[in-house]
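All remarks here apply to the structure that follows.
Only this structure's heavy atoms are used, side chains among them; waters, hydrogens and symmetry mates stay out. When a residue number appears, it is its place in the shown sequence, counting from 1.
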Amino acid sequence: MLARIRALLAKAEATGFPEEAEALTTKAQELMARHSIDEALLAARTHGADGPGARRIGVDAPYEDAKAVLLDAVASANRCRAVWDGDLGFTTVVGFEADLEAVELLFTSLLVQGTAAMTEAEAGQRAGGRKRTKTFRQSFLMAYAQRLGSRLAADTARVTAEADTGAAGDAPGGLLPVLAARDVAVTETAERMFPRTTTSRVRGVSDAEGWTHGTAAADRARTGAPGPGIDR
């Protein structure tokens with residue numbers, strides 16, 4: 001399954017057609033959500049003892065605030081918790097192994113897609129005589145992260161609802177209690193690892209053009225409101 005997801009994301013990064021990238025990325029997220037559900041049901045049937053783990057993912061400057069928001073959105077949509085350490089330049093993602101793998105794959109791909117879209121949009125802005133590159137990029141990436149967050153969450157919710165209707169034989173109590181128990185395990189693990197996190201307000205958006213182009217790029221990638229918060 002993960003090999004198929006990697007192949008879909010690689011195609012999404014390589015294509016020059018936004019509609020194709022949208023379809024490929026959406027399919028990848030759907031497969032990730034389905035894989036997560038299958039892993040949860042298997043663990044419930046076999047009474048698997050494996051608990052949540054953690055993985056550090058680099059969040060490099062520049063525009064690290066926006067990149068951390070994007071990673072947080074991807075983590076949340078894939079049933080993980082993310083804690084960003086801006087001073088050390090990485091986010092620790094807490095979750096079950098299959099979900100951690102999915103988060104790293106999707107975040108890396110979406111960052112590649114977003115950077116390419118930002119570069120293209122910026123070139124158009126420069127051709128029109130604009131020079132506010134830094135504010136444009138910051139606003140672009142923040143909008144991109146926020147829009148993708150809502151879309152990823154919607155994709156996961158849709159796949160989960162579809163799976164729940166057919167899960168009676170795999171999980172006598174239903175799928176949702178199984179997933180809820182895993183959510184609790186992830187939250188408890190994250191709180192043990194980071195008992196003193198704070199939620200920080202990231203830098204505001206000051207470039208309307210950047211925000212508009214970033215939102216459009218997120219819609220094309222297929223997978224909010226200003227002023228997100230992220231755990232540190």
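- Arg34 approaches Ala163 most closely through the heavy-atom pair NH1-CB, 3.3 Å.
- Closest approach of Phe107 and Gly58 over heavy atoms only: CE2-O, 4.1 Å.
- Applying the side-chain hydrogen bond (donor to acceptor under 3.5 Å, both in side chains) criterion to Thr115, with sequence neighbours excluded, gives no partner residue.
- Leu88 and Val59 end up in different hydrophobic clusters when Ile, Leu, Val, Met, Phe, Trp and Tyr side chains are linked at under 4.5 Å.
- Both Val74 and Leu2 belong to a single network of hydrophobic side chains, linked directly or stepwise wherever heavy atoms of I, L, V, M, F, W or Y lie under 4.5 Å apart.
- Annotation: side chain of Gln113 is in contact with side chain of Thr25 (closest heavy-atom distance under 4.5 Å).
- In this structure, CD on Gln29 lies 5.5 Å from CG on Leu106, to the nearest 0.5 angstrom.
- Electrostatic pairing of Asp155 and Arg151 does not count as a salt bridge here, judged by no charged N lying under 4.0 Å from a carboxylate O.
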Test log, rule side-chain contact (heavy atoms from CB on, under 4.5 Å), inputs Thr91 and Val83: CA-CA 5 Å; Thr91 288; Val83 179; 5.7 Å; no
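- Put simply, the side chain of Ser76 never gets that close to the backbone of Ala73: no donor and acceptor are under 3.5 Å apart.
- Taking each heavy atom of Asn78 and Ala102 in turn, the nearest pair found is OD1-CB, 4.2 Å.
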Side-chain donor-acceptor contacts of residues 6-14 below 3.5 Å, not counting sequence neighbours, with atom names and distances?
unit_1 : atom_1 : unit_2 : atom_2 : d
Arg6   : NH2    : Glu101 : OE2    : 2.7
Glu13  : OE2    : Ser109 : OG     : 3.0

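- Both tests pass for Arg182 against the ring of Phe96: distance under 6.0 Å to the centre and angle within 45° of the axis.
- Hydrophobic clustering of Ile, Leu, Val, Met, Phe, Trp and Tyr side chains at less than 4.5 Å, counting indirect connections, unites Leu175 with Val159.
- Of all the heavy atoms in Gly95 and Val186, the pair that sits closest is CA-CG2, 3.9 Å.
- Across every non-hydrogen atom of Ile37 and Thr160, the tightest pair is CD1-CA, 3.8 Å.
- When atom types are taken as modelled, the side chain of Tyr144 and the backbone of Leu110 share a donor-acceptor pair closer than 3.5 angstrom.
- Formation of a donor-acceptor pair under 3.5 Å by the Tyr63 side chain with backbone atoms of Gln138 is not found in this model.
- In this structure, the side chain of Thr156 does not engage the main chain of Ala33 through any donor-acceptor pair within 3.5 Å.
- Pairing each heavy atom of Ala68 with each of Trp84, the nearest pair is CB-CD2, 3.5 Å.
- Atom-to-atom distance recorded for His35:NE2 and Arg4:CZ is 12.5 Å, nearest 0.5 angstrom.
- Between Met118 and Leu141, the closest side-chain pair of non-hydrogen atoms falls below 4.5 Å.
- Considering OG1 of Thr92 and CG of Leu71, their distance stands at 10.0 Å, rounded to 0.5 Å.
- Listed for the Ser36 side chain is no donor-acceptor partner under 3.5 Å among the backbone atoms of Met32.
- Here the side chains of Glu104 and Leu100 are not in contact, with every heavy-atom distance at 4.5 Å or above.
- To the nearest 0.5 angstrom, Leu70 atom CG is 10.0 Å from Lys67 atom NZ.
- Here the straight-line distance linking atom CG of Asp99 with atom CD of Glu39 works out to 8.5 Å at 0.5 Å rounding.
- By the rule that hydrophobic residues join a cluster once side-chain heavy atoms approach within less than 4.5 Å of another member, Leu31 and Leu152 end up as members of one cluster.
- If you take CG on Asp60 and CZ on Phe90, they are separated by 12.0 Å, rounding to the nearest 0.5 Å.
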